[in-house]
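I have placed the structure first, in the form of structure tokens, so that the comments after it can refer back to it.
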Amino acid sequence: MRRLEDCLNVVDFESAARDVLPGPVFHYIDGGADDEVTKRANTAAFEQYHLIPRYLRDIRAIDMRRTVFGCELQWPLMLAPTGLTRVFHPDGEVGVAEAAAAAGTAYALSTMATSSIEEVGAATQGPKIFQLYLLNDDALNFGLIDRCKAANFDAICVTVDTIVAGNRERDHRTGLTVPPRLNRRNLRHFVQRPAWCLRYLAAGGVGLPNVPAASGGDLGSLAAYFASKMEQNITWSRLERLMAYWGKPFVVKGLQSVEDARNAAACGVAGIIVSNHGGRQLDGGSATIDLVADIVDAVGDRLEVVMDGGVRRGSHVVKALAMGARACMIGRPYLYSLSAFGKAGVARALTLLRKETERTLALIGCASVDEVGRHHLTVNARVPDFLRERRVRTEFTEIGGRT
Ligand code: GLV
């Protein structure tokens, strides 16, 4: 089993989490939809873009601060909303929110969280976003917004890419249930991870305190109740009403097209999060890093564009900023570090990513995140200029021209 100090990057935390979590729980975090093509593409696509460093610049002090969705960030990598966090480790959402605040960044709490809006609001003065799954009853939606107002959240983001559940085949194969329950298919996985089982049982199980259920019940019945309330007809006019009621930065998460981004700008939202839900919903879509620049070009002067999907290195953050994103989000990396080491793991993962981001900025010659731009990017398999000219000449000759 790995020690915390042996984890030198977020991929190390992934294998540490694999060592600690029962298989069905690890695969719930790690898995994507269908063939997981989009999930893999999210990270792999960063490799198509190469950074072009500039030297002989003064990089003694590097300013990574940015204000995004009204949240003052010390560096532009925020923690995306993820559900069921206390299943992975009892430190749960409160531990993650505290680690995010200590690291100078924002935490987004999910509607499907296992800690309440009030608990997270009381735990930290750091920047906080609430992720709202739109329900088919606006009284429930307004009720959640009232709770966010009282708990002093900075922004609300509505996730729009979960109108139906993604097909996560790993969960079907491992026999994952919510809450985790033993059955014939998954028994051996849980037996192999007795420490996790004892920890989970000692914590007394988990609930969904943000689900506005008429009555309580166990996690399974709350989740089923919640699924029955999920809105399948999310409209822009609906969002306009919720946005007006909230009155602070209002953000749409899960857009992937220039056209939807233009609609978001017309609706007047403060920002959008370009995201494919970590490849957990629609499979076969593009990697988000491939989408972000066109969206920034279309709407970047009217709203803030944040990129979520596949970020595993500080250099990925810098590439997204170079494309024009205001900031990035991570999901799985902080869940792996939480699962393996609790809040201390999240703190270390964030420190590593922050240092990587700062080091990358220094190495490309930027003293501030505002200095990063598209001139710092080129594409993989870049053809040297002299060969490019030769290729054009050859093509010209081949179509009958003269050199
Ligand atoms: C929830 O948002 C999930 O992706 O499991």
Side-chain angles (χ1 to χ4, degrees), residues 14 17 21-43 78-89 92-93 96-97 107-115 117 120 129-135 144 156-180 206-211 219-220 222-232 234 251-256 273-285 288 306 308-311 329-336 338-339:
E14 179 180 331
L21 293 173
V25 179
F26 173 79
H27 289 296
Y28 173 72
I29 299 174
D30 198 56
D34 297 350
D35 300 311
E36 304 190 350
V37 173
T38 300
K39 185 217 160 189
R40 285 191 298 278
N42 271 349
T43 298
M78 304 188 279
L79 277 61
T82 56
L84 302 180
T85 305
R86 286 179 54 225
V87 171
F88 314 133
H89 191 283
E93 291 84 357
V96 177
Y107 173 62
L109 179 72
S110 166
T111 304
M112 294 297 279
T114 46
S115 308
I117 293 169
V120 170
I129 301 168
F130 182 69
Q131 175 262 352
L132 180 68
Y133 277 127
L134 202 67
L135 305 176
L144 282 167
I156 284 187
C157 77
V158 176
T159 298
V160 295
D161 59 9
T162 47
I163 29 172
V164 293
N167 175 39
R168 303 174 190 169
E169 290 179 2
R170 290 204 218 184
D171 296 347
H172 300 310
R173 290 213 172 86
T174 63
L176 178 91
T177 57
V178 176
V206 297
L208 296 176
N210 301 318
V211 169
L219 180 60
L222 283 175
Y225 165 84
F226 187 74
S228 75
K229 291 270 171 200
M230 286 281 272
E231 181 59 272
Q232 293 200 306
I234 304 176
V251 175
V252 177
K253 176 171 180 283
L255 300 186
Q256 300 183 43
I273 301 167
V274 179
S275 171
N276 50 37
H277 214 107
R280 294 163 75 77
Q281 286 296 111
L282 172 70
D283 193 32
T288 45
V306 164
D308 164 70
V311 171
M329 282 186 145
I330 48 166
R332 290 185 184 89
Y334 80 77
L335 291 181
Y336 297 137
L338 177 81
S339 304

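Remember, it's 1-based here, ligands and their atoms both numbered in the order they're listed.
- Looking only at heavy atoms of the protein, atom 3 (C) of ligand 1 is closest to R168 NH1, 3.2 Å.
- Side-chain contact annotation: Q281 with T162, donor-acceptor N/O pair under 3.5 Å absent.
- With respect to atom 4 (O) of ligand 1, the closest heavy atom belonging to the protein is R280 NE, 2.7 Å.
- In terms of modelled atom types and a separation under 3.5 Å, the side chain of T288 and the main chain of S275 share no donor-acceptor contact.
- Summarising the local packing, CZ of R173 is surrounded by 12 or fewer heavy atoms from other residues, nucleotides or ligands at distances under 6.0 Å.
- Of all protein heavy atoms, the one closest to atom 2 (O) of ligand 1 is Y133 OH, 2.7 Å.
- Using a distance-only test at 3.5 Å, with no hydrogens or angles considered, no donor-acceptor pair links the side chain of R280 to the main chain of K39.
- Of the candidates M112, H277, Q131, it is H277 that places a heavy atom closest to atom 1 (C) of ligand 1.
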